[in-house]
Every structure is written in structure tokens, then in C-alpha cells.
A.B. asks: 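Quick one: structure below, then a few questions.
Naming: A, B, ... by sequence-line order, numbering from 1 per chain. None of the values given here were measured: they were computed from a predicted structure.
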There are 2 protein chains.
Amino acid sequence: MKREATAQALAEAAFDLAKARGLDGFVIDDVVERAGYSRRTFANHYSCKEAAVASVAYSGIDAAVSALEDVSSDVPLLDAIHAVLRLQLTTETLSRMREVIRLSREFPSLEPYVHHVQHRMRLEAEQRLRLVAADRYPPTYVSLLFGALYGMVSSALEGLVDVRLPGDTSSGPGSLEFDQFLDVAFKHLRSGF
Amino acid sequence: MKREATAQALAEAAFDLAKARGLDGFVIDDVVERAGYSRRTFANHYSCKEAAVASVAYSGIDAAVSALEDVSSDVPLLDAIHAVLRLQLTTETLSRMREVIRLSREFPSLEPYVHHVQHRMRLEAEQRLRLVAADRYPPTYVSLLFGALYGMVSSALEGLVDVRLPGDTSSGPGSLEFDQFLDVAFKHLRSGF
DNA sequence: GCAGATTGTTGCCCAAACGGCAAAATGACC
DNA sequence: GGTCATTTTGCCGTTTGGGCAACAATCTGC
């Protein structure tokens, strides 16, 4: 769909500008000039530049959930999710999220939109996961499980930014810390606190 | 502090107007007129009317966490949290949250700010909880536990709005559904999925 | 290929909002 | 009373949001 492509192009331009000049270092006119659209078109897609910048964190969620939907149904649900997170929550996707979170620390006006994107990702993933698991688990169970999982993962993402922010962009991808964290999180998910 | 009182008065006025006329049925001038402040002052506190409206959902969090901090330290952590949620997440607080969530369904531009408030509540609660439990559990453990708890509770709040929205404002308070849900959530929290 | 419908983009335009700055007001404290 | 810190306010130029209608592009079935 063309609409989506335009939105992504605008978001990309806004994200680049925010990285380069900071969130207050540019106006919407700069974004549309860079992306080659009109200001009016920007307003058709985003309500403000914050929304555009935050939206880039959304990329990758689709691939992750799709991977989950492909998992054969005789693999236990928790195992499947664990494996998918390990595979998908890496490199590009993870480092973008971290960059957006980092920006939102520096420019608090970005925070609401980042949280909004995270929330939408959670909703979409949860909804699609519920379909995948519909024949094995009741919806309420999946909601609780997913809510708990989301809470732990998002808490870890924020934590990673805190811990590793000063300096290294090095160990972004399948970083040891994140994998280790995932293991602990799933241990609790399986057998409680 | 006076600053806080002003912010709350403005938020209250914005919330009332949003309930009465819808989010697009008033402008900032209406808010400040009702609250008795100037437009410039509004801008000192909130970046837009959405932020003001959403902020009313924040009320009550302070009391809840304070109650938790008073719990004697020989009560198991999970029991203490469970009890506090049962007591505090009722009537006024809960019904405000539901009203804000309901508004955000009708006016999507409100969503980011609602999610932001939820997120801030989570952060504050988690941080203070970590202090309370510092002598019994390591910070990482508390973060994971709290993340999971938050995910489940927020998932339930949204669910409650979905289920009960069409019609009744009747069963807001210590509603049966919510208590039952809490029990299930804590069962999983204790012994896993 | 073509006429029609659907969807995306743009310009126009004005009400609304953001935000810097400095003056005025409020209050706490001595 | 006086002094200092915090908060509120008015002024005002810049930026934004979004309704509307025209325009372009893309997708239909024929």
C-alpha cells in the first residue's frame, strides 16, 4: 500500500533529522523537504513530528509476529515465543528501539509517542498471538501471559538503555545481556516468582 | 507545592470539559477560563490539552504506593501487593482510569498521553517498590516481577473497558470481575504459566 | 484501452497552540 | 517592613492542525 510507504519515508526523514540535530533542531518543513512531500501530506499521516519519529520503533514487529505464526503447533507456546524473541529482537530492530528510547530521554516531549508505539506493538502482537494459540489456550490466559511477558520485555529494554547508554553502540544485536535476561524472564514466566 | 495544585486544577477542568463536550469540543482557552488561569500558564504545565486530560489518571497512584510502603516487612511481597491492589484500585481511582481510557478510544489523539501516564505510574511504583523490597529481593527480580504485574494489570484494565463499556458505570469499584481477575493474575505470578 | 471509483497528495487558509522573554504577582522567611 | 525564590501573566512572532476542494495516481470491471 502506498500510504504506508509515504508514512515510512516521512518517519525515516524525521528520525534522521532527530538523530542529527535533536528533536528541537528541525521543523516539519525540514522533514517534508527531505522526504519530498508537502507539509499538508505530513499532517495526513502524523499529528506532529514526535509521532513520526517514534513510529520508526514499530518496524520489525510484523516480522517477529509472522515468525511466531509459522511455528508448528506442537511446540509449546512459551518455547515458541522465547525462540522468536531471541531470533527477531536483534540488530536493526533492537538498535532502532534503543535509539528512539535514548532520544526520548533527551527530549521528553517524545515519550508519550514512544509509549504509544510500544503499546500498539503489544496490542497487535497479543491479538495475533491469541489467534495462533486459540486452539490450545483460552483468550484470557493468553492475555495474562502476554501482558506479563510484555511487561518484562519492555522493562528490560529500558534497562538496557540505562546500562549501556554511555558509550557503546557495539553490543546491540543478540547481545549477551539481553539473551541472559530473556532466559531469566522465561524462567519466571514458567514457574512463577 | 503550589505548582502541583495549579496543574491539578487545570487537569480537572480539562477532564470535565472532555467528559462533557468531547475532546474536540473545547479549546485551551475554555480550560483556563474554567480553572481561572491564563493561557500562558496552561502552557507552562502541559504541552496540549491531551496531556492535561490524561494526567488525571495519575491520581491515586501515590496513595497506593504509600500504602505498600507501610506494609510490615514480614508479609510476603506478593501478598502485600495483592492486598494493596485490592484495596486501592477501587472506586474513584479505577473509575477515573476507565473514563480516561474510554475517552482515548473515542479520541485517538489522546492515546499517546494516556499510555505515557500509565508508563510513568509504572515507573514510579516500580522504583518505590524496589526500595521497599531492597532488603529482601535483588533489583532485577523486582523489576521483572513488577513488569509482569504491570503488564497483567494494564491488560485487565483495558479488558474491563471493553467488556463493560456499553452502558454501565455501575460496577466500577471493587468490582467482582476485577477482584477475580486479580486472583487469577496472582496465581500465575506465583506459580507460573 | 476506457470510464468510473477509490485512494493519496497538494494548496489555500485561518484558528489554535507553542514557547521565549521580561514584567508583575504571590509567598515564604527573616 | 525587606529580600529572595517561585509562579503567573501579557506580549508576540513562529509553527502547527486540520477542513475543504482540487488534483493526480492507482485500481476496477468491461
A.B. asks: Respond yes when some side-chain nitrogen or oxygen of B/Thr6 is under 4.0 Å from OP1 or OP2 of D/dT7, and no when none is.
C.D. replies: no
A.B. asks: Report the distance from atom CD of B/Gln8 to atom P of D/dT7, rounded to the nearest whole Å.
C.D. replies: 14 Å
A.B. asks: For B/Phe181 and B/Phe186, I'd like to know if the aromatic rings sit close, meaning centre-to-centre distance below 6.0 Å.
C.D. replies: no
A.B. asks: Out of B/His119, B/Gln118, B/Glu111, B/His115, which residue meets the side-chain hydrogen bond (donor to acceptor under 3.5 Å, both in side chains) rule with A/His115?
C.D. replies: B/His119
A.B. asks: Does any residue of residues 13-46 of chain A have a heavy atom under 4.0 Å from DNA chain C, and if so, which ones, in number order?
C.D. replies: A/Tyr37, A/Ser38, A/Arg40, A/Thr41, A/Asn44, A/His45
A.B. asks: Please identify which of these residues, A/Arg96, A/Arg21, A/Arg34, meets the salt bridge (charged side-chain N to carboxylate O under 4.0 Å, His left out) condition with A/Asp16.
C.D. replies: A/Arg34
A.B. asks: If you take the centroid of each ring, where Trp contributes its six-membered ring, are B/Tyr150 and A/Tyr150 closer together than 6.0 Å?
C.D. replies: no
A.B. asks: Expressed as a whole number of angstroms, how long is the span from B/Arg3:CZ to C/dG27:P?
C.D. replies: 16 Å
A.B. asks: Hey, which of these two, B/Ser109 or B/Ala7, hits DNA chain D nearer its 5' end, going by closest nucleotide?
C.D. replies: B/Ala7
A.B. asks: If you round to the nearest 0.5 Å, how far is CZ of B/Phe146 from CG of B/Leu123?
C.D. replies: 9.0 Å
A.B. asks: Rounded to whole angstroms, how far apart are NZ on B/Lys2 and P on C/dA25?
C.D. replies: 13 Å
A.B. asks: As an exercise, state the distance from CZ of A/Arg190 to NE2 of A/His82, rounded to the nearest 0.5 Å.
C.D. replies: 7.0 Å
A.B. asks: Whole Å only: how far is the CG atom of B/Leu10 from the C1' atom of D/dT8?
C.D. replies: 11 Å
